[in-house]
J.: 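Right, I'll just put the structure down here and ask away after.
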2 protein chains.
Amino acid sequence: MSAMNIPQSSFPRIIIIGGGFGGIALAKKLSKKEVQVVLIDKHNYHTFQPLLYQVSTGGLEPDSIAYPIRKVLQGYPNFYFRLAEVLQIDTGKRKIKTNIGEIQYNYLVVATGSETNFFGNKNIKTLGMAMKTIPQSLNLRSLILENFEQALLTDDLHERDSLMNFVIVGGGPTGVELAGALAEIKKGILPKDYPDLDTRRAQINLIQGSDRILPAMSEVASKKAEQFLEGLGVHVWKNVRVTDYDGKLVTTNNDISFNSETLVWAAGVKAVNIEGLDAKELLSRGNRLKVNRFNQVEGFNEIFAVGDVAQMETEAFPNGHPMMAQPAMQQGEHLGENLVRIVENKALKPFKYRDKGSMATVGRNKAVVDLPKFKFQGVFAWFVWMFVHLYFLIGFRNRVVVFINWVYNYIRFDREARLIIRPFKKIHQ
Amino acid sequence: MSAMNIPQSSFPRIIIIGGGFGGIALAKKLSKKEVQVVLIDKHNYHTFQPLLYQVSTGGLEPDSIAYPIRKVLQGYPNFYFRLAEVLQIDTGKRKIKTNIGEIQYNYLVVATGSETNFFGNKNIKTLGMAMKTIPQSLNLRSLILENFEQALLTDDLHERDSLMNFVIVGGGPTGVELAGALAEIKKGILPKDYPDLDTRRAQINLIQGSDRILPAMSEVASKKAEQFLEGLGVHVWKNVRVTDYDGKLVTTNNDISFNSETLVWAAGVKAVNIEGLDAKELLSRGNRLKVNRFNQVEGFNEIFAVGDVAQMETEAFPNGHPMMAQPAMQQGEHLGENLVRIVENKALKPFKYRDKGSMATVGRNKAVVDLPKFKFQGVFAWFVWMFVHLYFLIGFRNRVVVFINWVYNYIRFDREARLIIRPFKKIHQ
C-alpha cells in the first residue's frame, strides 16, 4: 500500500483534484480504461451549483442538488475516492501533499473550480454572504428567514426596513436568479407567513457594475431579463459598483447607498489555486491556469487543468471559456479521451468548444435563452430552462424529487423548505 | 402593541410553548375561535421525530421531515408565531420571559416535549451522539460517513474496527430502527461505496438494559424484532447497561466492553422544564409535570401541559401516557376543545386516551405492529408502518417526496442522501 492507502498498480495513476462538473465528466470517461484514478475532493458529494439559489430561497432541499461522489464511481474498477484537502503540489517530484498524506501521480488533473472573488475587500468578505457551496447557501437561507423573524420584533422602522432590504451584488445568472426568487417570495409567501408585518416594504436590489445585466448573454436577453425583474418589483441598478459594507450600510461609487442587513456577493469568481502550482507566470486573469488546446498547464506535459480553473485562449474565446458548467463538462470529457490516447500512445486531439447556448431564469414562466442560432424569452424559455437543468442534474432520484418540488411550487406558489435548520445569527443577541 | 410586538386583543391570550405534535394539534383546534394564540418555538419548523433515524442514515432529506410552523398557521386569524426561547415562567404575574421579551398570558400551555436523558453521565453527554433534533441527526449522518472515510486510511486494524463499530444504547423504537437501518447500509451500500475496505467487519451493536427490546410493545413484537435484527446481523445485547464512554471505549455493568468511535444514546428521555414551573412538587418521573384529567398543571387553573412534558396518571397508565406522538396529539386536540369550552364558560371534559397501537420498523419488509386487538409482523406490518407514517407527516409535498424516496430506496437498495454537508469531525485532525 502506498500513502493514503491506495495500492500500487501497473496502470498509470491519474489524480483528479475536484469532483465538480469537469472532474466528474473526466472520471466517467476513464472508467474501464487501463488507468488507476484517484479522485480527491473536500466534500463527499458533487454540487449542482446552478441550482444553489433555489436552496437559498427554500425552493429545493440541499440534498437534491448534491450527489455522493462514491456513488458516481460505483462499479468503476481501479477508482479511488479520497475525502481530503490538497495542500501542495510538488511538480518536481510529481506528488501532492494532502491533509491525509502524500501521493505520487503520473498525470495530474486540476479541476478545483472557482470560489467567490471579493477583489480584496475584507469587509464584504466578512460581512457579506457568498453562494458557491451548499453550506453557504444554507447560511443564506437561514439569514433571510431570521431577518424576517427579527423584523417582526422591532418598532424601529429604519431597522425593520434594513432587515427586509436585500442587496444582491452582481448581475450575472446567479444574481438575476436569486433576485427573481426573492421577489417571488416577497409576493407569494411573505404576506401569508407574516400577516403582522408590512412585507410590501421588503426590497430587492440588484446591483450591476456594467450597463446591462447578464452581460455574457445577448442584448435582447439582458433587456428582457431586466424587464422581467422590474415586473417582479426588483430594483435593478446598472453602472453602480459596491465599494464597501459595514454590516448595515452598503456604499457604492455613486451617491446611492443602501441600508441593508443582507448583502449577497455574486459579483465575481476566481480560480482556486494550490500551492506549488500558483506561480505568477502560470496564471492568467482571475487566477486561472494557462492551458494549451490539450488542457495541459503551460510548461508541463503531465499536468492538466479543466473547467473554471483553466484558461484556454482561443480565437473565439481570447480570455478563455466562460466559467460555467458547459465548458467544464466538455473539457473534462475531452481530456478523458486525450488521457486514454496518451496511455495508448496515440496523438492528442485539440479541444473544441461546442457552444450549446446559455440561459437564465427570473421567475415562474420567465426565462431567457440564447441558443447559437435562436434566442427566445418567456414561458417556453422557462420550460426549456427547467428541462435542461433536470437533464444535467446527476441521479434519477434527484431529478424526480426536484421535478416534484417544481411542480408543487408552481401549482401552489410555494417554497416549503423555508427552514432555519442551523441558525446563521441568533435573534436579538 | 405589547411586548414581542403582539397586539392587545379583546380575546383571551393563549400562549403555547412548543410546536411539536401536541402544540400543533392544539393550535389547529383553536383556529377561528375567539382566542388570541401565541405559539413560541425555538425552531421555525415542526419536526417529525419518528423519522429522524432515516435522516441520520441518509434515507431521507432533513427538509422532508420538517415543516414550517408559519405555514401551518397560515390563514388562522389572531395567531402569532414567535421564534424564541422561553427562559422563565412567572406564574404569579402570569407572564413569560423569553430571549425576545416578556409577554402576559391568560392561559399557558406547556408543550415543550422531551430531550435526551443522559442520567447525569457527562462523558456520554459530551462524547455520545443524541438523535432528538434535525441538527443532531445530521451530525450523526456526518459522523457515520466520516468514520468510513477515516477507516479507509488507517492500517491499524484495531482503529479501523473501532471506526466501523456502532454502539446504539437503548432498545426502544429509535434504537431498533437505527440499528436496522445501519445493518441495511452495511449490506447494501458499504461494499459498493468502499470496495477497498473490508466492510464486512463493520459491527452494529444494540444494547438494552432490560430483558427484551421494544419493552413498551408486546412480547411477540419484541421477540420478532430481535429475530429481524439478528437476521440483519445486528448484535443485540440484553440485560446490559452502558456505564461510561471515553470516546473510544464503551464500558458496561458487565464484562462486555466495546471499542467504538460512535456511541448513539437512545436510552432515555426526560421532559423539558422551564424555570418558574420546575418546582420539585410539580414534577414526577422524568421531570414530567403532573397534570389532572384536563391537562391542568397541579395547582394552576390557567396552566396546562400536553404530550411528553405532561404526566397524567390514570388507571390504564399509572405512570402517565407513553412519551410518543399519539398521546401528545390526542392531548393537544382534547385540550384545544377544552380551552374553547373554558372561553365559552362550559364544563371541561376529561381526557381519555384512545390507544391506536404502536409499531416499529426494522428494515425492508420487516416491521412489528401491535394494534389493540391484533398483532402482526413482517411485510404487511412494514407496509402499514409506511402508510401510517406518511399519513401523519405534515404537508402534501413532504408526503410525496418521502414516498418517492422510499420507493426509490426500496427498488434500488439505496440511500442517496449520504452527504457530509457539515462535517462533524475533521478527518485526521
Side-chain angles (χ1 to χ4, degrees), chain A residues 1 4-7 43-45 58 60-64 66-68 70-71 74-75 77 79-84 99-101 134-135 138 145-146 149-150 152-155 189 192-196 395-398 400-401 404-405 408-409 412 414 416-422 426-428, chain B residues 1 4-7 43-45 58 60-64 66-68 70-71 74-75 77 79-84 99-101 134-135 138 145-146 149-150 152-155 189 192-196 395-398 400-401 404-405 408-409 412 414 416-422 426-428:
Chain A
M1 292 295 223
M4 291 167 65
N5 269 3
I6 290 164
H43 300 295
N44 79 334
Y45 54 87
L60 290 175
E61 296 98 336
D63 297 13
S64 11
Y67 196 79
R70 289 197 174 279
K71 172 129 175 116
Q74 268 184 11
F79 266 67
Y80 298 86
F81 173 72
R82 287 297 177 270
L83 182 65
N99 64 326
I100 58 167
I134 289 182
L138 289 171
L145 295 164
E146 287 172 283
E149 295 296 334
Q150 204 175 333
L152 266 182
L153 302 174
T154 180
D155 288 323
I189 294 172
K192 285 188 231 157
D193 263 14
Y194 300 92
D196 40 340
F396 177 75
R397 190 200 66 100
N398 281 356
V400 174
V401 171
I404 297 276
N405 274 289
Y408 181 86
N409 297 349
R412 301 284 293 262
D414 210 341
E416 283 191 358
R418 42 188 195 277
L419 312 164
I420 308 172
I421 301 273
R422 312 225 192 209
K426 280 200 183 143
I427 287 174
H428 276 221
Chain B
M1 291 294 224
M4 291 167 65
N5 268 4
I6 290 163
H43 300 295
N44 79 334
Y45 54 87
L60 291 177
E61 296 98 336
D63 297 14
S64 14
Y67 197 78
R70 289 196 174 278
K71 171 127 177 121
Q74 268 184 11
F79 267 67
Y80 297 86
F81 173 71
R82 288 296 178 269
L83 182 66
N99 64 327
I100 57 168
I134 289 181
L138 288 172
L145 294 164
E146 286 172 283
E149 295 295 334
Q150 204 176 334
L152 266 182
L153 302 174
T154 179
D155 288 324
I189 293 173
K192 285 188 231 158
D193 263 14
Y194 301 92
D196 40 339
F396 177 74
R397 189 200 65 101
N398 280 356
V400 175
V401 170
I404 297 277
N405 273 290
Y408 181 86
N409 297 349
R412 301 284 293 262
D414 210 341
E416 283 191 358
R418 43 188 193 277
L419 312 165
I420 308 172
I421 300 274
R422 312 227 192 208
K426 279 201 184 142
I427 286 175
H428 277 222

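Letters A, B, ... are given to chains in the order of the sequence lines, protein chains preceding strands, and every chain is numbered from 1.
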J.: Quick one: CZ on B/F81 to CD on A/E149, what's the gap to the nearest 0.5 Å?
T.: 5.5 Å

J.: Between B/H43 and A/I420, is a side chain to side chain contact (heavy atoms under 4.5 Å, CB included) present by the stated rule, with each step listed?
T.: CA-CA 7 Å; B/H43 300 295; A/I420 308 172; over 6 Å; no

J.: Highest number of heavy-atom pairs under 4.5 Å with chain A: which of B/N398, B/N409, B/N405?
T.: B/N405

J.: Of the listed residues (A/Y194, A/F396, A/F79), which shares the most heavy-atom pairs with chain B below a 4.5 Å separation?
T.: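 Max contact count across the listed options: A/Y194.
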
J.: Measure the spacing between CG of B/N5 and CG of A/L152 and express it to the nearest 0.5 Å.
T.: 7.5 Å

J.: With sequence neighbours excluded, what pairs up with B/R412 under the side-chain contact (heavy atoms from CB on, under 4.5 Å) test?
T.: A/K71, B/Y408, B/D414

J.: Tell me, for B/I404 versus chain A, whether the close heavy atoms (under 4.5 Å) come from the side chain, the backbone, both or neither.
T.: side chain

J.: If only atom types and distance count, is the side chain of B/D63 paired as donor or acceptor with the main-chain N or O of A/L419 below 3.5 Å?
T.: no

J.: What part of B/L138 lies closer than 4.5 angstrom to a heavy atom of chain A: side chain, backbone, both or neither?
T.: both

J.: Using heavy-atom distances under 4.5 Å, tell me whether A/Y80 contacts chain B through its side chain, its backbone, both, or neither.
T.: side chain

J.: Take B/R82 and A/L153 through the side chain to side chain contact (heavy atoms under 4.5 Å, CB included) test and state the conclusion after the steps.
T.: CA-CA 9 Å; B/R82 288 296 178 269; A/L153 302 174; 3.6 Å; yes

J.: Tell me whether A/N44 contacts the main-chain N or O of B/R418 through its side chain, where contact means a donor paired with an acceptor under 3.5 Å.
T.: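 Pair found, side chain donor or acceptor close to backbone of B/R418.
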
J.: Applying salt bridge (Lys or Arg N to Asp or Glu O under 4.0 Å), name anything that partners A/R397, two or more places apart in sequence or on another chain.
T.: B/E61, B/E416

J.: What option among A/V401, A/L145, A/I421 has the most heavy-atom pairs under 4.5 Å with chain B?
T.: A/I421

J.: For each of A/G395, A/P62, A/P135, tally heavy-atom pairs with chain B at distances under 4.5 Å, and name the one with the top tally.
T.: A/P135

